[in-house]
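Worksheet: one structure, shown below.
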Amino acid sequence: MSAPSPDPVFAAFCAAGLWPGLGKRTAAELPAAGITSPDDVTAARLLKLPRVGKQRAERLFSSFLSAAPTYDVVALLVGAGLEARLAASAADSLGADAARRLRDDPWALLGLTGVTLADADRLAIAVLPGADRQDSRRGRAIVALTLRTATRDGHTVLPADLVVAALRAEGVADPVAAIVAAVESGEVLDHEPPEPEFAEDDAADADELPEPDPALRTLSLARYGMAEEALAENVARLAATSERIADPAAVRSVAKGLDEAQKAAVAQVLGAGVSLLTGGPGTGKSRTVAAIVQLLRTKGTEVALAAPTGRAAKRLEELTDHPAVTVHRLLGAQGTSGGFARNEEWPLDADVVVVDEASMLDVELAAALLEACPDGTHLLLVGDPAQLPSIGPGHVLGDLIDSKAVPVTELTTLYRQAEGGAIARLANAVRAGELPPVDSPDREVVVVPATGSAEAARRVVQLVTDSIPRALRIDPATVQVVTPVHRGPAGTIELNKALKAQLNPGEGTVWGFDVGDRVVATANHLDLEPIGFANGEVGVVTGTGDGALTVDFSSGPVTVTGTALSDLRHGWAITVHRAQGSEWPGVVVVLPPEAGGMLSRPLVYTALTRAQRHLSIVHASGAALARAVREVDVRPRRTRLARLLAENAD
DNA sequence: AAAATCAC
C-alpha cells in the first residue's frame, strides 16, 4: 500500500495559514491524520487530530468549506509558482469569484499590495494560453499601477506623458491604446489640459486662440480624480449657500484678548461658507477657535468640532471645553473598506463645523466631510500648511490656499516662544525656505555636528543625560528626542534602547516596560478608563500590575491592559511624524545621514517647532539639510484641486 | 523612509 501523494495546493493552502481556525501546529499534524488533499477533509478525520474535539472538528470543517474562494486562488497561484499567502487578500478584494476573475484577467492581481508586474505576468503565462506583453488588459493594469504608485507619494494626478513613459518601459507598444482601455474600464480618468489664460497683449496680433498645452494633460485614478472634483464643487456650494450667522459687531463680545488678525478670523467664520485659519505653532489658532466656539454657543448655534487625529481632537476638546471627535467619528466611518454613515442623504446637523490640524486632511476624507455638510453649513479649516502633509494623497489645505477661492486669515504674531528668540528666528527662516547660520549665544538653539549616525546617536544621549540638564538646567524628563526614522543607529528603536539604559535601566517587567519608562502610544484607545489615550500621546509608566500598566499621560493617568498594551512603545525618542501636534520645553532633533532622502522643508519645520525653550540639533545629514529647506518640497504633490477650485470660483 | 483613521 503506497501513501497517497500529498496535494501541493492543499499543502500550500494549509501552510500559509489560510484555513481559519487552524493553527500552525495543527496544520503540521494533518498528514498524520490522513488529511493530505481537500477530499480528505471531513469532520470525522479532523477528529483524529490531537487536541481536536467534536465541536472543533465541525467548526474546522465548515471553515474549510467557507474558505473555498481562497482555496481556488491558491490553486492558481501555486500553479504559477507564486506565494500562496497572496490568496487571502485576493479573495478579500476580488470577492467570492476571485479565481474566475483572475483567470479572466490575471493582471487584476496588480490591484493587491506587494504584487509586482513580474508576478502578474507569471500568473498570466500560467493562466492564459498564448499570453503576451501587448495584451490590452496588461496595458490597462500598468496604467492603474503607475497611478497607484504615484498615489503613495501623495499625487492625485500624473501627467499623461509620464504614464506613457512607464508603459513604454514595460514593453507596451501602443501606450495610447492602454490608456484608452484604462479609461474605458472606469478605473482611470483622463483630464484635458487647461485652456491657456487669455492674455490681452497676445490677442491683438494673434490670428488664432492659443492651443492648450498637451503636456499638461493628466490622468488620475477615478477615486481621487472624482474626490477632487466633488470637493471643489462642494466648496463652491457651501460658499454660495451660507448666510451670515451674526452681525460682525458680535465679535466684540469675545474679542477680549484677541489681536486684530484673530478677530478678523472670527468675523470671517460668521460670514463665509468655507474659510481658513492658518499660522505656525504658537500664533493663537486654538485660542481663536475657542473664542469662536464661545461666541457661537452663547448664540445657540450648533457647533461640531473635529480633527483628523485622536490626539488633536482630544486637545481641541480641552482647549475649547466643547466636545471634539475625530473626523472619522464625526462622519460615522464604517470600517476599513471606507464609507461613511453621514453623507449627502444623512448630513451633519451642525451649523458650524470646525476642523483643526487640517493639513492632515487627505482628499478623500475632505471630500466626504464636505459632502456631509448640508447647504448653509459654515466650515472652518484650521491648520498650518508648512507642516507635514497628509498621509493619504492630496494637498487639500495648500490647494485651498493657493486657489484663492476661499477667504484665509493667516496668523503671524508669535505668542508662545520669545518672539525674538533663536528658536522662533530659525523656524521663521525655515518656513520661508532659508537656513541661516544659528546665532544663539544664550544657547536657546545649539547645533551639534556629527559624522555618521552612530556618532549622532552618542551625541543625543550625551545631550539628554548630561549637557542639557547640566549646562541649561533643563530636567531630562521634559526633553524629547525627535528623529525622522525608526531604523538605524539614530532611529527611534536604538535611541530608545540607549536612553533607557541611561535614564531608567531595568528588566522590562510588564510588556518590556518598567516604572519610570517614558512611552508613546501608537494607536487610539480613547475608551479606556477614565479618559483613554490617543495615538502619539507621550506618558510615563507610574505602576506595573498583573498584566497591566498605569501610565501618566499629560491628560491624566490611564490603566492600560490587554491589547492596548501592544500599542505602547518606548517614547524617549519618537519620529517627527508622531511628534506633530505636540511640544516640549526641550527638544533634541536628530538628522542622520540615512534620512537625507526623506528630508523636506515641512519635515524640518515640523521637527524644529516642537521646541518651546531649548532646541538642540544633532546634524549629520550634510548638505541634504540645506537643500531640503531651500526647495519647497523635495517632491511636490501633483494635484488638480487648486485649479478646479479657481475655475469654480469664477 | 514614514505615516492616520475606522469597525466587527
Side-chain angles (χ1 to χ4, degrees), chain A residues 20 92 113 149 151-155 227 306-316 324-343 355-369 372 383 387-397 453 482-495 520-527 532-537 563 567 569 573-582 589-607 610 620-621 624-625 628 633-635 637:
Chain A
D92 272 354
T113 47
T149 307
T151 284
R152 278 186 238 126
D153 288 327
H155 310 297
T309 66
R311 187 159 41 116
K314 216 171 152 181
R315 200 193 41 211
L316 184 60
V325 293
T326 63
V327 177
H328 282 86
R329 279 272 170 96
L330 180 73
L331 298 177
Q334 291 171 330
T336 46
S337 52
F340 296 96
R342 295 308 190 109
N343 50 32
V355 177
D356 200 1
E357 297 287 3
S359 59
M360 299 182 185
L361 284 176
D362 67 46
V363 70
E364 282 189 308
L365 188 59
L369 174 70
Q387 293 195 39
L388 288 166
S390 60
I391 303 297
H395 185 230
V396 175
L397 184 63
S453 47
V482 166
T483 167
V485 290
H486 286 304
R487 284 188 235 164
T492 59
I493 299 166
E494 289 303 319
L495 285 174
V520 61
T522 57
N524 286 343
H525 286 276
L526 296 164
D527 33 6
F533 60 81
N535 192 355
E537 273 192 280
T563 57
D567 293 322
R569 304 274 181 278
I574 65 176
T575 59
V576 180
H577 279 84
R578 220 174 269 294
Q580 189 174 16
S582 299
V589 173
V590 202
L591 301 170
E594 63 268 24
M598 72 177 292
L599 289 186
S600 65
R601 190 193 297 178
L603 185 134
V604 174
Y605 178 75
T606 303
R610 300 310 95 207
S621 56
L625 176 61
D633 204 323
V634 180
R635 277 168 299 177
R637 295 182 167 200

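Computed from a prediction, not measured in an experiment: that's the story for all the values here. Each chain gets a letter, A, B and so on, in the order the sequences are listed, and its residues count up from 1.
In terms of the salt bridge (charged side-chain N to carboxylate O under 4.0 Å, His left out) criterion, residue partners of Glu494(A) (sequence neighbours excluded) are, by chain and number, Lys497(A). Thr492(A) pairs by the side chain to side chain donor-acceptor pair (under 3.5 Å) definition with His486(A), not counting sequence neighbours. Residues satisfying the ring pair (Phe, Tyr, Trp, His ring centres under 6.0 Å) criterion with His525(A), sequence neighbours excluded, are Phe533(A). Among residues two or more places apart in sequence or in another chain, the salt bridge (charged side-chain N to carboxylate O under 4.0 Å, His left out) test is passed with Asp153(A) by Arg635(A). Considering only residues two or more places apart in sequence or on other chains, Glu357(A) meets the side chain to side chain donor-acceptor pair (under 3.5 Å) condition with Arg315(A).
Remark on DNA chain B: of its neighbouring residues Val485(A) and Ala333(A), the 5'-side contact belongs to Val485(A), judged by nearest-heavy-atom nucleotide. Positionally, the nearest nucleotide of DNA chain B for Asp153(A) lies more toward the 5' end than for the other of Asp153(A) and Asp362(A).
Counting any heavy atom pair closer than 4.0 Å across all strands shown, Gly310(A) reaches sugar-phosphate atoms only and no base atom.
For DNA chain B, the outermost nucleotides in 5' to 3' order that have an atom under 4.0 Å from a heavy atom of chain A are dA1(B) to dA7(B).
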